[in-house]
Enquirer: 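Quick one: structure below, then a few questions.
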2 protein chains.
Amino acid sequence: MMKLLQNKINEDGIVLSDTVLKVDSFLNHQIDPQLMYEIGKEFAERFRKEGITKILTIESSGIAPSVMAGLQLNVPVIFARKRKSLTLINELYSSTVYSFTKQESNEISISKKYLNDEDCVLIIDDFLANGQAAIGLADIAKQANAKIAGFGIVIEKGFQDGGKNLRADGYRVESLAIVSSLENGEVIFAQDQMKELGQ
Amino acid sequence: MMKLLQNKINEDGIVLSDTVLKVDSFLNHQIDPQLMYEIGKEFAERFRKEGITKILTIESSGIAPSVMAGLQLNVPVIFARKRKSLTLINELYSSTVYSFTKQESNEISISKKYLNDEDCVLIIDDFLANGQAAIGLADIAKQANAKIAGFGIVIEKGFQDGGKNLRADGYRVESLAIVSSLENGEVIFAQDQMKELGQ
């Protein structure tokens with residue numbers, strides 16, 4: 001668990017409901033570049049030995065942490081674009097991602113030019129909840145026959161199934177903060193919960 | 001003019017027509033983080049004495065250069081979101097931006113929480129062509145009564161009117177590459193043209 005990030009969530013995160021944590025003061029509307037640099041550094045350290053050749057993410061909130069990780073791993077970042085529907089399908093790898101928050105489906109896509117079977121990708125995103133975006137990005141990497149080294153997640157909602165399912169599928173998932181509960185307006189991190197239970 | 005960027009455009013830019021330069025291999029689909037770092041450094045150097053408190057940009061392609069400039073100026077970045085229509089208008093500064101490329105209008109908006117009359121903003125974007133996005137971002141800064149220190153543009157299309165109009169309005173516009181022509185499939189930079197004319 002990344003202490004700096006956990007402190008930032010405690011200070012500036014806003015619990016909107018039992019399932020919604022708003023962090024738009026430093027992650028997904030206003031961005032704290034110093035924090036993003038440290039997040040990028042942490043991802044780079046955790047995946048440095050994996051032979052990463054590309055970072056794959058999704059617009060818009062995945063871009064800042066990805067670019068900072070890419071800077072420190074010295075690899076390019078590709079961000080998938082979200083669109084209601086797609087043209088020029090032949091030139092694209094694409095996948096459909098359902099957002100439970102927005103209750104809508106989007107096509108996400110990347111150009112075939114930028115990913116191939118010689119690539120080893122690190123998939124980065126700001127949040128991991130139900131895992132729909134992560135699965136969509138993994139689907140795109142698979143279409144390109146690229147190797148998936150794992151997932152770098154800024155904030156995982158441990159009380160939703162995305163992380164559990166990805167790990168069950170054998171993927172390495174590195175989440176810098178895992179929120180185990182947002183009940184009663186309070187952010188409980190997985191680590192704290194373990195401490196309380198004496199583990 | 002930033003030589004490193006100009007070289008990258010010469011090497012990897014694709015001229016699609018007399019008005020369209022595709023740079024999605026390093027700027028707006030695949031991103032070169034090292035280049036973005038140098039671009040951010042260049043913006044930071046040019047605007048370091050202006051007392052910048054916030055960088056304002058627009059999703060998605062403005063985010064990478066902005067975060068790198070924010071890292072080096074040590075200020076937060078706010079990215080305006082694009083939407084077809086807006087809810088929660090009361091909590092947002094918003095403006096309408098017409099895209100000539102896509103022939104559609106989008107509402108762009110930022111939360112009122114993150115910009116106020118004590119801010120001095122640097123507006124950053126990947127491209128400056130007709131200037132619609134830049135004008136929309138300036139409109140948002142004005143609604144917040146923030147001071148506008150100027151515009152940091154990665155690539156300006158000098159043959160379109162955006163930059164000319166902003167400068168005529170008294171704004172400082174710092175473009176790291178100014179393309180004066182894309183005719184005959186060739187990228188001509190403003191600097192080269194001046195050299196050819198013996199200026």
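Throughout, a chain's letter reflects where its sequence line sits, starting with A, and its residues are numbered from 1.
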Enquirer: Taking Tyr37(B) for the side chain and Leu71(A) for the main chain, is one N or O donor matched with an acceptor at less than 3.5 Å?
Expert: no

Enquirer: For Gly70(A) and Gln34(B), work out which heavy atoms get closest and say how close.
Expert: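 Smallest heavy-atom distance, with atoms named: O-NE2, 4.2 Å.
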
Enquirer: Taking it one step at a time, do Ser25(B) and Lys113(A) satisfy side chain to side chain contact (heavy atoms under 4.5 Å, CB included)?
Expert: CA-CA 9 Å; Ser25(B) 68; Lys113(A) 275 188 294 188; over 6 Å; no

Enquirer: Same cluster for Ile14(A) and Val20(A) if Ile/Leu/Val/Met/Phe/Trp/Tyr side chains link at under 4.5 Å?
Expert: yes

Enquirer: Please indicate whether Glu118(B) has more than 12 foreign heavy atoms, meaning atoms of other residues, nucleotides or ligands, lying under 6.0 Å from its CD.
Expert: no

Enquirer: With rounding to the nearest 0.5 angstrom, report the CZ to CD1 distance, Phe79(B) to Ile63(A).
Expert: 8.0 Å

Enquirer: So do the side chains of Asp32(A) and Pro76(B) get within less than 4.5 Å of each other, counting heavy atoms only?
Expert: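 Counting from C-beta outward, Asp32(A) and Pro76(B) never come under 4.5 Å.
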
Enquirer: I need the residue from Ile78(B), Ile55(B), Ile31(B) with the largest number of non-hydrogen atom pairs under 4.5 Å to chain A.
Expert: Ile31(B)

Enquirer: Say whether Lys54(B) and Gln30(A), considering side chains only, have a donor N or O and an acceptor N or O under 3.5 Å apart.
Expert: yes

Enquirer: Could you state the interatomic distance from CE (Met68(B)) to CE (Met36(A)), rounded to the nearest 0.5 Å?
Expert: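 Rounded to the nearest 0.5 Å, the CE-CE separation comes to 12.0 Å.
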
Enquirer: Hydrophobic clusters here meaning ILVMFWY residues chained together by side-chain heavy-atom distances under 4.5 Å, can you tell me if Leu27(A) and Leu4(A) are in one?
Expert: yes

Enquirer: For the side chain of His29(A) and the backbone of Ile110(B), is there at least one donor-acceptor N/O pair under 3.5 Å apart?
Expert: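 Not at all, since once roles are kept as given, no pair shorter than 3.5 Å links the two residues.
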
Enquirer: Is the CG atom of Asn184(B) crowded by more than 12 outside heavy atoms at less than 6.0 Å?
Expert: no

Enquirer: What option among Val67(B), Val75(B), Leu35(B) has the most heavy-atom pairs under 4.5 Å with chain A?
Expert: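 Of Val67(B), Val75(B), Leu35(B), Val67(B) has the most heavy-atom pairs under 4.5 Å with chain A.
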
